[in-house]
Amino acid sequence: MKATGKKKRGRQPLIMTACGLAVSLLLASAPAWAGEPSPAKAPETAQQEAGRPAGPAPVTAFAATARYSSGTLSPDGRLLALLAPLNGKRNIVLFDLQTRQARALTGMNSFDVTAFHWVGSERLVYTLGRLDTPTGPESGDGGGLFAVKVDGSAARKLVPTVREQVNQGLRRFTHMDFMAVAPGSENEILVQANLRSHKTYDIYRVNLDSGQRQLLTFDRPGDVLNWVLDRDGVPRAVTLVDNPDLPLAEQSRRVLLRENLEAPWQELARFAPGNDPAAWMPLAFAENSKDLVVSAYRGQNTRGLHRFEVETRKLAAVLAVHPRYDLGGGLLFDARSRGLIGLRFADERQQVAYFDEQHARQQANLEASFPGKTVAIQRTNSSRTLVSVYSDRAVPTYFILEEERKSLEELMPSRVDLVEQDLVEMRPFLLKTRDGLEIPSYYFLPADHQPGQRLPTVLHIHGGPHVRADPWGHLSSYGVKEAQLLASRGYAVVLPNFRITPGLGKKVYDAGFGEIGRKMSEDHEDAAAWAVQAGFADPQRICISGASYGGYASLWALIKTPDLFKCGVAGLVVSDLEVILTSGQGDIPQNKGGVAFWRQLIGQKEPGWARAHEVSPARHAERIKAPLFIYAGSDDWRTPMEQTHLMVDAMKKAGRPPEVLMIKAGEGHGYGKSENRVDLYEQMLKFLDRHIGPASLQQRQP
C-alpha cells in the first residue's frame, strides 16, 4: 500500500455553471473590512489572554460545550438567536444587536434544542434531541416541534417528543418536521407529518397562533420519500417508493409533478430497484418554477447537481459537480427572492460556492480577509448580514456586516477557553485500501512533532457507519474533539473514513454493503498500516477507539487482529448484531426498513442470523487479549445497555473482564453532561498512557 499523506494533495476543483458562465473562478480585490483579523499571536500570549498559563489546554476545555453555536439572524436583522448551555443542555438564547443584551428563550433540562428556525422576526420553532452523539445531532427519543414568540409568550407544543408519547403508552409515534415558513406569512409554517399514516408523510400548513392545520396533500399519490415545495410553498414534486419496508437500495422509485395544488399528478420518471444508473432525486425548483434542480450520478462516480427539463423529460445542464465528493444538498436560497443562489458542500474542508456573480464576489472578498478559514454568510431582509468564520484550529466567530456602511464588526467568539494555538491542523490524506478504493480521510499530529518521529497513535473509527461523521472544522464532531485532545497530549490520531461512508462517491458507499466486520474492518487495518508507512505511527503503540459503530469496530478489531492493536476504547457498543435488531430494547427494531437495511449491511441474505453471528463480538469475546475500556449511557436508546451487558458478561466468562467499565446514569447515546465528558476523557488518557503512552515505555524499562 502506498503512503500518500506525507505531502498535501492538490485540491480537487468544484465545477459550477450558471447560464453557461463558470462562476467558481470569480475573484475580486478584497476591501479593507473594518474588523479585519490581526496577525497571529505567539502561543504564550494567546494562552495568557485566555486566562491560563502556557501549555496544553485543560481537559475541561475540550469537554466543555461552546458558549454559543448555531447563530441565526432574525429576518429584520434585530435579534441573533444562538444555542447556549443552560441547565446542562443547549437552549435558545436571543442576543439583541441594539441593546447588546442576551436572554434565554427556552429552558430545556432533558434534551438539547437540536434545530430552530425563525418564523418572521417575532417567533421561532424548534425541535429537541441530543447534540453530543457519535453520529452528530439526532432526535432519538426527543423530536417534537414547538413554537414560541421572542418575548417568551405564545409557547405552543405542535407535536410532543417521542419520550412523552412513550410515557403516554402510545405505540405509533407522530413526527412533524419543519420545512419552510409559509410564503407571505409570519405566523404560519409548512411541515411534513405522519398524521394520516405512520409510514409516510403529508404536507400541512400550520397556524402558530391557533395550532390549526391545513392538509395540502389530501390526494397524496403514494408512499412518500421526499416532497419538494415551489417558491410559493406549494408541494408540487414528490418522490415515491413502491415498497417502503425494503431497504432503500431495493426500493423502486417514481417522481411525480403537478402544476398547482389542484392539478393532477403526472409521472416524470420511474427508476428500477437497486443501482439504477438513470436515477435522480429532485431537490428544488429552478428559477422558472417549472424545471427541477436534481441530484444525480449521471454516469459518474459522484453525485452532482443538474437541471431536469420538465418539457423534454431529460437531464440538461450540469449545475455543479465535484470529482471526488457528492453534492446532494446544501442549497442556498436568497432570503428576499427565495431563488437558488449557491450551495454549501464539504470536500476536504467546508466550502461555499455561488451561481450568482454578485454573491460570489462578496464571498471571495470576505474569504480574502480571512485566509485559510471558512466564511459562511447569512443574509436577511435588512442591511445586516451575519458572517461566521472558522477553521480546523480557529473557533467559530460571529461578525455583523453592515452592508450600507461596508463595515464588518466582530460580535462574539463561540468560546474563549480554546485558542488557535491549542489546536493542530486537521490534515487530509487519501486512504488506499487493499482492494483499490481511494477514501478521503484525516490525521492529526502534535504541534511539536518532528519528521521521522514515531508516536503512540490512536485510530478513531466514526459512528454510523453509514454517515459522514467527521467534517473538517474546529471541534466539529465526536471524533475531532477526541483527536484534538489526544494530539495536545502527544498522540497521533487517524480519523479514517471507510467503505459505506456517504458523500465520498458511489464506489466507496456501495462497497460497504455486506462488509461489516469484514472488508469494512480491513479498511481500519489499512488505515493503521498507512500511518506506520507514513512514518509517524509506532507500530508497537497503536490503539483503536470509537463509539456506536466505532465501538463495535473497536471490539471486533481486538478479536479479528489481536496483534495489531495494543488496546481498545469502545463506547456505546454494538456487541451482538442479531440481538440489537430483534430484542426490541432499542429504536432500530421498530423500523422494518431499518432492520432490512442493517441485514443488507451485514450481508445476511439467507433467513436466520448465521452471518451476523460470525462478526458479533459478544460471541467471540474469548479471543480478546488486549486491554479494553468500555463506556456506556444507562438510558441509551440507540445501542441499549443490553449490548454492553452482553459484552461484559462474555468477557467475564472468558476470564478477561474489561479493564475499565464506565456507565453514566441518565446519559443516552453520547455523554451530554460536561462533567461526564471530562471524566471519560481523563480516564481515557490514563488508560492510553498505561498501554501506549509514556507510562507504557517506563514499564518496559528494566
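Since the model is a prediction, treat every value here as computed from it, not as a measurement.
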Of Phe116, Trp118, Phe146, which is the lone residue that meets ring-ring contact (aromatic ring centres under 6.0 Å, His included) with Tyr126?
-> Phe146
CG/Leu257 to CD/Glu267 distance, rounded to the nearest 0.5 angstrom?
-> 11.5 Å
Minimum heavy-atom separation for Pro235 to Trp265, with atom names?
-> O-CH2, 3.6 Å
Compute whether any side-chain donor of one residue and acceptor of the other, for Thr72 and Gln378, lie under 3.5 angstrom apart.
-> no
For the residue pair His306 and Trp280, establish whether any side-chain heavy-atom pair is separated by less than 4.5 Å.
-> no
Salt bridge between Asp326 and Arg303, side-chain N to carboxylate O under 4.0 Å?
-> no
Apply side-chain contact (heavy atoms from CB on, under 4.5 Å) to the pair Trp598 and His466, showing each step before the final yes or no.
-> CA-CA 10 Å; Trp598 270 93; His466 48 290; 4.0 Å; yes
Tyr201 six-ring centre to Arg220 NZ/CZ under 6.0 Å and within 45° of normal | no
With no hydrogens and no angle check, do the side chains of Ser185 and Asn187 hold a donor and an acceptor under 3.5 Å apart?
-> yes
Check whether any side-chain N or O of Thr127 sits under 3.5 Å from a backbone N or O of Gly143 as a donor-acceptor pair, and report yes or no.
-> yes
Grab the two heavy atoms, one from Asn591 and one from Gly594, that are nearest each other, plus how far apart they are.
-> OD1-N, 2.6 Å
Mind telling me whether Phe597 and Phe513 have parallel, tilted or perpendicular rings, with 30° and 60° as the class edges?
-> perpendicular
Short side-chain to backbone donor-acceptor contact, Asp276 and Phe271, under 3.5 Å | no
Tyr390 ring center within less than 6.0 Å of His474 ring center | no
Do any N or O atoms from the side chain of Thr174 and from the backbone of Leu195 form a donor-acceptor pair under 3.5 angstrom?
-> no
Here the gap from Phe173 atom CZ to Thr161 atom OG1, rounded to the nearest 0.5 Å, amounts to 10.0 Å
Using 4.0 Å as the upper bound for N to carboxylate O, is an ion pair formed by Asp334 and Arg231?
-> no
More than 12 heavy atoms of other residues, nucleotides or ligands under 6.0 Å from CZ of Arg313: is that the case?
-> yes
Can you check whether Gln300 reaches Val321 side chain to side chain, under 4.5 Å on heavy atoms?
-> no
Any donor-acceptor pair under 3.5 Å linking the side chain of Asp232 with the backbone of Val234?
-> no
Would a distance-only check, ignoring hydrogens and angles, find a side-chain to backbone donor-acceptor pair under 3.5 Å from Asn194 to His175?
-> yes
Main-chain N/O of Leu83 paired with Ser70 side-chain donor or acceptor, under 3.5 Å = no
side-chain contact (heavy atoms from CB on, under 4.5 Å) evaluation trace for Gln351 with Gln363 = CA-CA 11 Å; Gln351 304 279 1; Gln363 181 76 28; over 6 Å; no
Close side-chain approach of His117 to Ile189, heavy-atom, < 4.5 Å = no
Please confirm whether Phe498 and His462 have ring centers closer than 6.0 angstrom.
-> yes
Look up atom OG1 in Thr433 and atom CE in Met520, then write down how far apart they are to the nearest 0.5 Å.
-> 12.5 Å
Sidechain-backbone polar pair: Thr114 side chain, Pro137 backbone, donor-acceptor under 3.5 Å = no
Salt bridge (Lys or Arg N to Asp or Glu O under 4.0 Å) between Arg123 and Glu188, intermediate numbers included = CA-CA 10 Å; Arg123 194 180 329 238; Glu188 292 179 305; over 6 Å; no
Contact check, side chains of Ile377 and Val352, non-hydrogen atoms, under 4.5 Å = no
Looking at CD of Gln192 and CG of Asp177, how far apart are the two atoms once the value is rounded to the nearest 0.5 Å?
-> 5.0 Å
In this structure, are over 12 heavy atoms from other groups packed under 6.0 Å from Glu403 atom CD?
-> yes
Working for side-chain contact (heavy atoms from CB on, under 4.5 Å), residues Val255 and Phe308 | CA-CA 12 Å; Val255 180; Phe308 180 84; over 6 Å; no
Counting only N and O atoms by type, is there a donor-acceptor contact under 3.5 Å from the side chain of Arg90 to the main-chain atoms of Ser69?
-> no
Does the Asp523 side chain pair with the main chain of Arg499, one donor and one acceptor, at a distance under 3.5 Å?
-> yes
Minimum side-chain heavy-atom gap Phe399-Leu366 below 4.5 Å | no
Taking side-chain hydrogen bond (donor to acceptor under 3.5 Å, both in side chains) as the test, write out the residues that go with Asp219, two or more places apart.
-> Arg258
Residue pair Met281 / Thr239, side-chain heavy-atom distance below 4.5 Å = yes
Would you say Asp112's side chain and Leu131's backbone share a donor-acceptor pair under 3.5 angstrom?
-> yes
Within-4.5 Å side-chain heavy-atom neighbours: Tyr325 and Glu348 | yes
Electrostatic pair Glu438:Arg324 at N-O distance under 4.0 angstrom = yes
Please round to the nearest 0.5 Å and tell me the distance separating atom CG of Asn497 and atom CG of Leu437.
-> 12.0 Å
What's the shortest heavy-atom distance between Ala346 and Gln350, and which atoms?
-> CB-NE2, 3.7 Å
What's the verdict on side-chain contact (heavy atoms from CB on, under 4.5 Å) for Ile400 and Leu73, showing C-alpha distance, side-chain angles and the deciding distance?
-> CA-CA 10 Å; Ile400 292 294; Leu73 276 180; 4.3 Å; yes
Non-neighbouring partners of Asp242 that pass side-chain hydrogen bond (donor to acceptor under 3.5 Å, both in side chains), sequence neighbours left out = Ser252, Arg254
Out of Leu190, Val191, Leu229, which one pairs with Leu216 under the side chain to side chain contact (heavy atoms under 4.5 Å, CB included) rule?
-> Leu190
Counting only heavy atoms not in Arg156, do more than 12 fall under 6.0 Å of its CZ?
-> yes
Would you give the length of the straight line joining atom CG of Leu327 to atom OG of Ser295, rounded to the nearest 0.5 angstrom?
-> 7.5 Å
Side-chain heavy atoms of Leu124 within contact of Val150, under 4.5 Å | yes
Heavy-atom closest contact (Asn226 atom, Pro282 atom, distance) = ND2-O, 3.3 Å
